[in-house]
Amino acid sequence: MPALSCSAMNCVYNQNELCSRGDIRVGGNGAKSSMETCCESFKERSEGAMSNSTGCACTKTGVDCKAQNCTFNDNCKCEAGDIHIAGDSACSCQETECSSFRCGCGR
């Protein structure tokens, strides 16, 4: 499992830039750049909601990856040593991205 850090502070699963969901899904089938990926597991934190609705934040997280062109994708699982989900002011999954994506197009 990759070590995951996340700057999507508006996500209900974000706890001190770690993910409390336990696993995430990175979207971007056909992506050729990190800007064409997203964290499909992103869920916007609503006003007054608790900062975390599920479990504790962990440094290691399972990553189901649909970005087939990423060099770290091995049968839809992320094999990177660590990844970063970007989206400082994201309010939807489309405003997030896997900034660790590396295009292996033509591999």
Side-chain angles (χ1 to χ4, degrees):
M1 282 194 248
L4 181 134
S5 63
C6 177
S7 64
M9 302 308 284
N10 290 332
C11 182
V12 70
Y13 302 114
N14 190 309
Q15 281 188 10
N16 300 316
E17 298 192 14
L18 296 175
C19 186
S20 66
R21 183 174 156 89
D23 64 348
I24 66 165
R25 179 186 308 225
V26 171
N29 194 11
K32 293 190 169 131
S33 74
S34 64
M35 292 178 6
E36 296 174 323
T37 66
C38 68
C39 178
E40 292 180 348
S41 302
F42 176 92
K43 183 177 178 184
E44 185 177 18
R45 184 179 316 218
S46 60
E47 279 190 46
M50 292 176 55
S51 63
N52 174 35
S53 60
T54 63
C56 65
C58 301
T59 56
K60 298 282 186 180
T61 302
V63 180
D64 182 24
C65 182
K66 301 302 179 197
Q68 296 294 321
N69 291 326
C70 184
T71 60
F72 301 118
N73 187 320
D74 184 17
N75 293 317
C76 294
K77 297 292 178 194
C78 180
E79 296 296 327
D82 55 74
I83 68 169
H84 179 74
I85 300 298
D88 295 3
S89 57
C91 294
S92 69
C93 73
Q94 292 83 8
E95 296 173 333
T96 64
E97 69 181 69
C98 177
S99 61
S100 302
F101 173 92
R102 296 295 174 265
C103 190
C105 304
R107 59 178 165 138

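Taking all atoms of both residues into account, the shortest heavy-atom contact from C39 to T96 is N-OG1, 2.8 Å. Nearest heavy-atom pair, E40 versus G27, reported as atom, atom and distance to 0.1 Å: OE2-CA, 3.4 Å. Smallest separation of non-hydrogen atoms from C65 and N73: O-ND2, 3.0 Å. S34 and S99 get closest at one heavy-atom pair: CB-CA, 4.1 Å. Shortest non-hydrogen contact noted between C103 and K32 is CB-O, 3.7 Å. Contact between A31 and T37 at its shortest, heavy atoms only, is CB-CG2, 3.8 Å.
Within the 4.5 Å cutoff, the side chain of V63 has heavy atoms near those of the V26 side chain. Within the 4.5 Å cutoff, no side-chain heavy atoms of E36 are placed close to those of E97. Looking at heavy atoms from C-beta onward, K77 lies in side-chain contact with D64 at the 4.5 angstrom threshold. Proximity of T61 to P2: side-chain heavy atoms (C-beta onward) are nowhere separated by under 4.5 Å.
The number of heavy atoms from other shown groups lying within 6.0 Å of CE (M35) does not exceed 12.
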Could you go through residues 84-94 and list every donor-acceptor pair under 3.5 Å that involves a side-chain atom there, pairing it with any protein atom two or more places apart or in another chain?
unit_1: H84; atom_1: ND1; unit_2: S5; atom_2: O; d: 3.3
unit_1: H84; atom_1: ND1; unit_2: S5; atom_2: OG; d: 2.8
unit_1: H84; atom_1: NE2; unit_2: S7; atom_2: OG; d: 3.4
unit_1: D88; atom_1: OD1; unit_2: S7; atom_2: OG; d: 2.8
unit_1: S92; atom_1: OG; unit_2: Q94; atom_2: OE1; d: 3.1

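One distance of note links CZ of F72 with SG of C78; it measures 7.0 Å at 0.5 Å rounding. Interatomic distance, CG of D82 versus CE of M1, reported as 15.0 Å (0.5 Å rounding). To the nearest 0.5 Å, atoms CG (N29) and NZ (K66) are separated by 8.5 Å.
Remark: side-chain polar atoms of R102 are not paired, donor with acceptor, to backbone N or O of C70 under 3.5 angstrom.
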